[in-house]
2 protein chains.
Amino acid sequence: MNESRPRGRRPGRADTRSEILAAALTMFSEVGYEKVSLRAIARTADVDPALVHHYFHSKPELFAEAVLSLPLGDPSVVVSALLAGPHDEIGRRAVENLLDIMEMPDARERFSAMLRAAVSESGAQRPLSELLSKEIYSKVAEGLGHTNAKQRGDLAVSVVLGLVLARDILQLQSIGRMSRAQLVRAIGPSMQFYLADHW
Amino acid sequence: MNESRPRGRRPGRADTRSEILAAALTMFSEVGYEKVSLRAIARTADVDPALVHHYFHSKPELFAEAVLSLPLGDPSVVVSALLAGPHDEIGRRAVENLLDIMEMPDARERFSAMLRAAVSESGAQRPLSELLSKEIYSKVAEGLGHTNAKQRGDLAVSVVLGLVLARDILQLQSIGRMSRAQLVRAIGPSMQFYLADHW
DNA sequence: GTCTATATGATGATAGAC
DNA sequence: GTCTATCATCATATAGAC
């Protein structure tokens, strides 16, 4: 019934369905959509491959349920919160908010899986960048009165995706080792520049 | 002999080998490594599938020859050139240099193909980020005397890859429409901040 | 709910005729 | 150089026994 399970790596033994979902999220985020087989997911979850089809009809549906069944927070709330605070620190607060979201359970795995899928699906599927740009960052830039809000929003998206890409997918070590405070200090100014500064 | 053809779909007819290489680069950059089949490449090149194996032994070898047979410029030359100029404009010049390289024949397709491959290969293959970080941007930050040169270099890499990702892979329209001058003005300050500024 | 068996198709790769 | 034919392997997906 899709109750709130203790996601990530479950220590004890949950029900089969949850096992599959957890294994799917892990593998989609680490290996990517195309390259992962349902057999491999079943093997990781230690269940029979046929059960994957039994619970989830197809691979796309499994992906949708395992990684897209979000809410990673309400976008409009984020926009309001950012615009409510001091505008000369909006970049810093945007990064802090992003890192907050990425620290939610499974969030980094889901970001990685979505980005990997968006990259390998050749433009067809890009819920991540669409969401980030249209629902959040472009709205913030628009709220600040910029005429090129869409452009600014997309640049902010490139910062976010560049971070996920470098840290969680390509696993550049020196970025992975940066603390939250370091990331805010490093990336905050870029976000501030893209979203708010005059140029 | 791999002369500078008018890329995309070539109108005239070159020799078979070049046809295959051109089709492979196009499809690797647009569809990604895993998802592209040798049959599909052969179909695009309008040749028999067996010829792909005849000229290039395997899929990895075809990928290597079609997209990795670079030189996209000598990294050490880039580093020297950047460090030789005024340090308070090194970010702007780094972006200009990057855009210069990306305007070379096939460069954008090759960047896209390499990034797509790096993403779908799950860490195994990342010549792009390694090259950019170790050979160029970390060296620049190091040349400027920073102790956290590696970290700065990797952040600069995240900017570059974020741009390629947003513009050439996810095809965010408002970034794709930005002129060279606009990109320099927008991204230059971020590069300056990461590579040179004190923080 | 779980698993065996299997249908169906696509893939990378090879051998060999012309 | 070019193509036909084929192999072995893997994939997603389904039907049905227990």
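Just so it is clear: chains get the letters A, B, ... in the order the sequence lines come, proteins before strands, and each one is counted from 1.
OP1 or OP2 of C/dT11 lies within a sub-4.0 Å distance of a side-chain N or O belonging to B/Ser37. The shortest distance between the side-chain N/O atoms of A/Thr16 and the OP1/OP2 oxygens of C/dT2 is below 4.0 Å.
For the pair B/Glu34 CD and C/dG12 P, the interatomic distance rounds to 10 Å; values are reported in whole Å. The CZ-P distance, from A/Phe63 to D/dA11, rounds to 18 Å in whole Å. The distance from atom CZ of B/Arg39 to atom P of D/dC3 is 15 Å, rounded to the nearest whole Å. Between the NZ atom of B/Lys35 and the P atom of C/dG12 there is a distance of 14 Å, given to the nearest Å. Remark: P of D/dC3 and CZ of B/Arg43 are 15 Å apart, rounded to the nearest angstrom. At whole-Å resolution of the value, CG in A/Leu38 and P in C/dT8 are 20 Å apart. To the nearest angstrom, P of C/dG1 lies 14 Å from CD of A/Glu19. Between B/Lys59 atom NZ and C/dA13 atom P there is a gap of 8 Å when expressed in whole angstrom units.
Residues B/Val160 and B/Val95 are not in side-chain contact: their nearest non-hydrogen atoms beyond the backbone lie 4.5 Å or more apart.
A/Tyr33 does not carry B/Lys35 over the face of its six-membered ring by the limits of under 6.0 Å from the centre and within 45° of the normal.
Salt-bridge check for B/Arg17 with B/Glu65: passed, with a basic side-chain N closer than 4.0 Å to an acidic carboxylate O. A salt bridge is absent between B/Arg93 and B/Glu96; no separation between the charged side-chain nitrogens and carboxylate oxygens falls under 4.0 Å. A salt bridge between A/Asp100 and A/Arg180 is present, with a side-chain N of the basic residue lying under 4.0 Å from a carboxylate O of the acidic one.
The aromatic rings of B/Phe28 and B/Phe63 stand perpendicular to each other, their planes meeting at an angle above 60°, with 30° marking the opposite boundary.
Across residues 49-58 of chain B, B/Ala50, B/Leu51, B/His54, B/Tyr55 each have a non-hydrogen atom less than 4.0 Å from an atom of DNA chain D (numbered order).
For A/Asp48, taking side-chain heavy atoms from C-beta onward, the closest of the listed nucleotides C/dG12, D/dA11, C/dT4 is C/dT4.
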Stepwise, does the side chain to side chain donor-acceptor pair (under 3.5 Å) test hold for B/Ser29 with B/Ser112?
CA-CA 5 Å; B/Ser29 74; B/Ser112 294; 5.7 Å; no

